[in-house]
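Heads up, the thing below is written out as structure tokens.
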Amino acid sequence: MDPVRLAVVALILVVIAGAALAYRRSRTVDERRGAHGLPPLPLELVSGASGTWVIFTTPYCVSCDAVESDLRRAYPAEAVVKIDATERPELAERYGIRRAPTVLRSDPAGRVLARIVGPEGVRRHLAPA
């Protein structure tokens with residue numbers, strides 16, 4: 001094989017290998033993401049219990065306390081954490097919080113399993129099937 005063809009074949013192999021590596025890295029990142037493609041919760045929020053519920057609230061949310069009570073009653077073995085989105089805007093941005101309450105449920109490792117928006121969404125989630 002002449003040197004020009006050999007160089008072209010080598011270049012093609014390098015491009016294919018680079019694309020395969022980029023694809024593998026993108027899949028690894030995606031596998032750590034949870035429901036709705038959300039990144040894992042920071043470990044400071046994850047309690048190590050069988051699950052953690054994170055309620056994003058605001059100072060003027062009239063239904064957030066009721067949502068917290070409902071979740072604590074329905075899932076007594078799981079942790080419930082309230083985050084004021086106005087005090088932690090970086091977290092609100094990271095998880096796409098646009099309404100209070102928005103609730104995230106995670107596994108013990110912090111992987112988001114569910115995202116529930118509004119008190120009516122929580123009521124639907126808690127309603128018997």
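Positions are given from 1 along the sequence.
- Clustering ILVMFWY residues whenever any of their side-chain heavy atoms sit less than 4.5 angstrom apart, transitively, puts F56 in the very cluster that holds L38.
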Pair R111-V46, side-chain contact (heavy atoms from CB on, under 4.5 Å): steps then yes or no: CA-CA 9 Å; R111 191 170 142 256; V46 180; over 6 Å; no
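- Applying the disulfide bond (SG atoms under 2.5 Å apart) test to residues at least two apart or on different chains, none of the pairs has a partner in residues 67-107.
- For R94, there are no side-chain hydrogen bond (donor to acceptor under 3.5 Å, both in side chains) partners two or more places apart in sequence or in a different chain.
- Pairs passing the ring-ring contact (aromatic ring centres under 6.0 Å, His included) check and including a residue from residues 63-120, sequence neighbours excluded, read W53-Y75.
- With sequence neighbours left out, the side chain to side chain contact (heavy atoms under 4.5 Å, CB included) criterion links E44 to P42, R88.
- Scored by the side chain to side chain contact (heavy atoms under 4.5 Å, CB included) test, S69 finds R73 as partners (sequence neighbours excluded).
- Considering every non-hydrogen atom in both L43 and A109, the closest pair reads CD2-O, 4.3 Å.
- Hydrophobic clustering (side-chain heavy atoms under 4.5 Å, transitive across Ile, Leu, Val, Met, Phe, Trp, Tyr) groups V112 together with V81.
- Sorted by first then second residue, the side chain to side chain donor-acceptor pair (under 3.5 Å) pairs that include residues 100-110, not counting sequence neighbours, are E78-R105.
- The minimum heavy-atom distance between P101 and V67, with the atom names listed, is CG-CG2, 3.9 Å.
- Screening residues 98-118 for ring-ring contact (aromatic ring centres under 6.0 Å, His included) gives no qualifying pairs among residues at least two apart or on separate chains.
- Classification of R99 and E120 as a salt-bridged pair holds, one side-chain N sitting under 4.0 Å from a carboxylate O.
- Looking at residues two or more places apart in sequence or on another chain, you find a side chain to side chain contact (heavy atoms under 4.5 Å, CB included) between R5 and M1, D2.
- Across all their heavy atoms, T57 and C64 have their closest contact at OG1-SG, 3.0 Å.
- S50 and A77 get closest at one heavy-atom pair: OG-O, 3.8 Å.
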side-chain contact (heavy atoms from CB on, under 4.5 Å) evaluation trace for I83 with V54: CA-CA 7 Å; I83 301 286; V54 177; 3.7 Å; yes
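- By the criterion of side-chain heavy atoms lying less than 4.5 angstrom apart, applied directly or through intervening Ile, Leu, Val, Met, Phe, Trp or Tyr residues, V117 is not grouped with I97; the two fall into different hydrophobic clusters.
- The CG atom of L126 lies 5.5 Å from the CG atom of L71; values are rounded to the nearest 0.5 Å.
- Listed by chain and residue number, V8, I16 satisfy the side chain to side chain contact (heavy atoms under 4.5 Å, CB included) test with I12 (two or more places apart in sequence, or in another chain).
- Residues satisfying the salt bridge (charged side-chain N to carboxylate O under 4.0 Å, His left out) test with R124, not counting sequence neighbours, are none.
- Counting only residues at least two apart or on different chains, no disulfide bond (SG atoms under 2.5 Å apart) pair has a member in residues 67-101.
- Residues forming a side-chain hydrogen bond (donor to acceptor under 3.5 Å, both in side chains) with T86 (at least two apart in sequence, or on another chain): D84.
- For the atom pair I116 CD1 and I55 CD1, the distance stands at 10.0 Å (nearest 0.5 Å).
- Looking only at distances, a side-chain donor or acceptor of R115 sits under 3.5 Å from a matching main-chain atom of G96.
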